[in-house]
Amino acid sequence: MNLSEPPADAPGTALTAADAMPEGLATPVHGPRRNSQRRQSLTGLKFLNDLLDEHDHDYDYENDPIIDVSSPKAEQEPSISLVLQDDLAFEQVGDRISEFQEDEFVKQALAKGMDLREYAHHIESELDLVGQDHEDDYVYQSQAFVDLHGQIKSCDEILETMENLLSIFQTDLGNISTEIQTLQSKSVSMSIQLKNRMAVENNLNELLEGILVTPQLIRKIYDGEVDETWLGALAELNSKMYHTKTRQGRHIRALKEVGPELERLRIKTVEKIREFLLMKIKSFRIPNTNVQIMQHSVLLKYKELNQFVMERHSEVATEIRQTYANTLRWYFSNQFENYAAGLEKLQSVIGDKHEMLCTDESARKGLFGTTKALHQKTNVFAVGSRLETLKNQDAGLILIHVANEKSLKYPYEALFRSFNLALIDNASSEYLFLVEYFSKRSQPDIEGIRAVFSHIFEPTLKLGLANVKEYADSSFDAIGILLCLRINHQLSKELERRKIPMLDKYRDAIHMALWPRFQIVVDMHIESVRKAKTKIKPKNVHPHWIARRYGEFASSLLLLNDEQTDVMPRLALLRLETSSLFEIMSKTFPDTKSRLIFLINTFDLVITLLADVRTSGVEVENEHWKQALHQTIALFVEEELKPYFGDLISFIRMVDIAGGVSKVQLDHFERTSYAFSNSWRQSLLAINTSVIQHFSSFKNGTHVLHQVLGQLIVYYTRFQNLLDEKLQELGAGGAASASSSNNTAAATSTRGWSHQPVGVQTVMVEVKKFRSNFLP
């Protein structure tokens with residue numbers, strides 16, 4: 001049975017899918033997805049239908065004992081009994097049946113028990129109708145399809161044309177790319193050629209500019225005046241000569257042609273420079289010419305002239321340098337000779353060989369038997385205001401005309417400083433000028449500059465050194481010589497700061513001229529002290545003039561010894577000799593007290609003069625004289641108390657010698673106490689008067705009086721203690737052991753003493769009255 005044919009009972013009638021669906025099945029929904037599912041079901045049903053048809057064709061129903069052919073039910077609905085044949089692929093059938101069972105429509109049909117053939121027939125009919133509809137729609141839309149086909153064909157033609165055009169364009173692009181590569185190669189080649197030509201042009205321009213001698217340059221060199229514009233022409237000529245020299249090894253024809261012309265210009269240039277510089281250098285000899293101004297305004301301004309000559313003509317350069325050296329040699333020699341002569345007239349003579357530490361001024365007589373006025377002389381032992389010459393480093397030079405107008409006189413150290421300060425200022429300026437002016441661009445000629453400097457300043461340095469030696473040989477002013485040494489040291493440090501090494505030998509020579517003379521003069525002072533030990537005798541107990549001289553001289557040496565120790569050995573020797581002299585002089589007094597007073601006054605004066613010194617080494621000097629003063633005052637205290645309280649002092653010493661109060665009778669205590677009580681007030685007054693008379697220094701006298709009265713209190717307190725000890729030994733009772741004056745008085749009264757001992761407090765109160773009167 002063919003499922004695709006319509007049923008016999010409805011010929012010509014088109015059944016819809018809804019009419020063909022068995023009852024109980026949902027009406028299928030039209031759509032692409034439902035149609036696809038239906039097609040799959042239809043395919044499966046067709047397979048089953050074909051399988052069943054083959055089975056019906058091959059099977060004999062009539063001979064089948066199972067099926068009754070005559071049965072009406074068998075005709076209408078025959079039972080299908082599948083008999084397996086050998087040639088039937090049952091495995092395939094089973095697989096397909098399993099697959100179809102999964103189908104939605106087949107599963108529903110089988111679940112309702114409907115005939116699959118009929119169901120397949122209806123579906124096929126519906127598909128035919130759908131296909132007819134599609135055909136009708138296609139016929140209806142055929143013209144549109146024809147138009148669309150025409151349009152597609154036109155597009156194909158257009159696209160083909162475009163393809164041809166693009167192919168041609170691609171070919172043209174390939175040709176253009178090839179041409180671009182060719183042009184690029186040509187461009188690179190042309191760029192390289194351009195660079196090479198530019199390099200050649202630059203080298204050629206440099207060569208031409210370096211060797212080309214213009215008529216303007218020639219006229220400027222030959223006919224122009226030496227000025228700033230002429231310096232420009234000189235720089236141009238020098239540049240061309242330099243370029244020509246650097247290319248001498250090359251075979252350039254232009255160099256051979258320009259060489260003679262450059263040589264003529266070089267000779268002419270050197271000639272004009274020589275004439276110009278020699279004229280300017282000789283102008284230094286004009287009176288009142290300021291060399292420093294001329295150096296900076298002329299020579300350094302035209303420094304390139306000398307540089308050109310030094311590089312291009314060594315003979316002329318040597319001539320110019322020698323002329324300059326000779327001119328400046330004459331200039332400085334003449335200037336400093338005049339300055340030294342003017343300074344010499346301003347010198348005030350200080351000291352001679354007779355003005356030694358122990359030379360008696362009163363013994364020197366003038367021409368008519370009178371001594372020279374002391375106010376007209378400078379103290380050769382005290383540095384005084386002369387120290388300002390050393391301290392005031394900012395002081396200027398001595399102007400001779402100003403000093404002459406004011407009739408001023410100066411010690412030699414001030415003249416020495418002024419001369420040497422002017423010398424190092426000029427030497428420093430000249431050295432810096434020589435380094436800047438006579439040094440080549442490449443490297444300074446230090447040795448050549450040193451030779452020129454030495455030649456210029458040789459007579460000036462000899463003049464300064466001769467002046468110093470003349471002063472040193474005739475001077476007996478140790479302070480002035482030492483001041484010159486210190487000034488020389490200051491100037492040496494200044495030269496080091498300025499980094500001017502050319503005057504080192506000169507400064508050393510000055511030191512070697514002054515230092516030995518200083519030692520000689522100090523030795524002369526020491527020798528005068530030694531000689532004075534047998535000649536000089538003090539007239540009174542007041543400080544001797546030698547003490548003042550020594551104090552001033554030692555203070556001056558110590559002030560000038562700051563940061564240095566070179567004078568200390570000779571000062572120590574002088575101190576030793578002077579101290580010995582004072583001891584010898586003190587022994588000329590007939591009594592010990594006068595001798596001690598003289599030494600105290602002398603030592604105190606020396607210490608007073610040393611008090612203002614704050615330099616290194618003064619501690620040793622002060623310690624020596626303070627120790628001597630302390631020892632002498634201690635001796636004087638004993639000597640001063642002896643005439644007034646000798647009994648008291650002797651009694652105390654006797655007790656100490658006896659080993660205690662047990663061997664001393666109480667009567668002896670009574671006599672000593674009685675003597676003290678009768679005269680102690682008068683003795684204090686006498687001691688005070690004596691100190692006032694013998695010690696001229698108020699401060700020193702006060703100190704000595706304090707020491708005397710203090711020692712008296714010590715002695716009397718010692719006596720009172722011994723008395724108390726004696727009374728206690730004699731059994732005076734507990735009261736006698738007390739230290740108060742009332743208890744002592746009571747104890748002595750019971751012993752029958754005729755007087756009452758003076759209490760220590762009473763003595764101390766009275767002593768304070770005298771001490772307060774001398775407080776400074």
Exercise. Quick one: do K642 and E639 satisfy salt bridge (charged side-chain N to carboxylate O under 4.0 Å, His left out)? Show the steps, please.
Key: CA-CA 5 Å; K642 187 183 299 183; E639 195 68 25; 3.8 Å; yes
Quiz item: Is it true that E494 and R498 have a side-chain N and a carboxylate O under 4.0 angstrom from each other?
Solution: yes
Quiz prompt | Nearest atoms (heavy-atom pairs only) where G396 meets R417 | solution = O-NH1, 3.6 Å
Quiz item: Can you tell me if N420 uses its side chain to pair, donor with acceptor, with the backbone of N488 under 3.5 Å?
Solution: no
Quiz prompt | E496/K493 under salt bridge (charged side-chain N to carboxylate O under 4.0 Å, His left out): CA gap, chis, key distance, verdict | solution = CA-CA 5 Å; E496 291 178 4; K493 292 173 65 176; over 6 Å; no
Quiz item: Taking atom types as modelled and ignoring hydrogens, do the side chains of E638 and Y715 form a donor-acceptor contact shorter than 3.5 angstrom?
Solution: yes
Quiz item: Any sub-3.5 Å donor-acceptor pair from Q720's side-chain atoms to V758's backbone N or O?
Solution: yes
Quiz item: For the ring pair (Phe, Tyr, Trp, His ring centres under 6.0 Å) test, which of F598, F603, F636 pairs with F695?
Solution: F636
Quiz item: Counting N and O atoms only, with roles assigned by atom type, does the side chain of S673 sit under 3.5 Å from a partner on the main chain of F669, one being a donor and the other an acceptor?
Solution: no
Quiz prompt | T608-K699 side chain donor-acceptor pair, cut-off 3.5 Å | solution = no
Exercise. Specify whether Y339 and F419 have parallel, tilted or perpendicular ring planes, treating 30° as the upper limit for parallel and 60° as the lower limit for perpendicular.
Key: parallel
Exercise. Could you tell me whether a side-chain N or O of K345 sits under 3.5 Å from a main-chain N or O of N404, the two making a donor and an acceptor?
Key: no
Quiz item: Would a distance-only check, ignoring hydrogens and angles, find a side-chain to backbone donor-acceptor pair under 3.5 Å from H544 to P538?
Solution: no
Quiz item: Which of these passes side-chain contact (heavy atoms from CB on, under 4.5 Å) with Y412: N467, V349, L343, L483?
Solution: N467
Self-check item: Side chain S594, main chain P590, donor-acceptor under 3.5 Å
Solution: no
Exercise. Could you tell me whether a side-chain N or O of S348 sits under 3.5 Å from a main-chain N or O of Y410, the two making a donor and an acceptor?
Key: yes
Exercise. Write out all pairs satisfying salt bridge (charged side-chain N to carboxylate O under 4.0 Å, His left out) with one or both partners inside residues 523-537, taking only residues at least two apart or from two chains.
Key: D523-R570, E527-R530, R530-E577, K533-E577
Practice problem: Look at the rings of F645 and F676 and say which category their plane angle falls in: under 30° parallel, 30 to 60° tilted, over 60° perpendicular. | Solution: tilted
Quiz item: Just by modelled atom types, is the I398 backbone N or O under 3.5 Å from a matching donor or acceptor in the S418 side chain?
Solution: yes
Quiz item: Is there a side-chain contact between R507 and I510, using heavy atoms and a 4.5 Å cut-off?
Solution: yes
Quiz item: So, the side chain of N601 versus the backbone of H694: is there a donor-acceptor pair under 3.5 Å, distance only?
Solution: yes
Quiz item: Is a side-chain donor or acceptor of T359 paired with a backbone partner of H354 at a separation under 3.5 angstrom?
Solution: yes
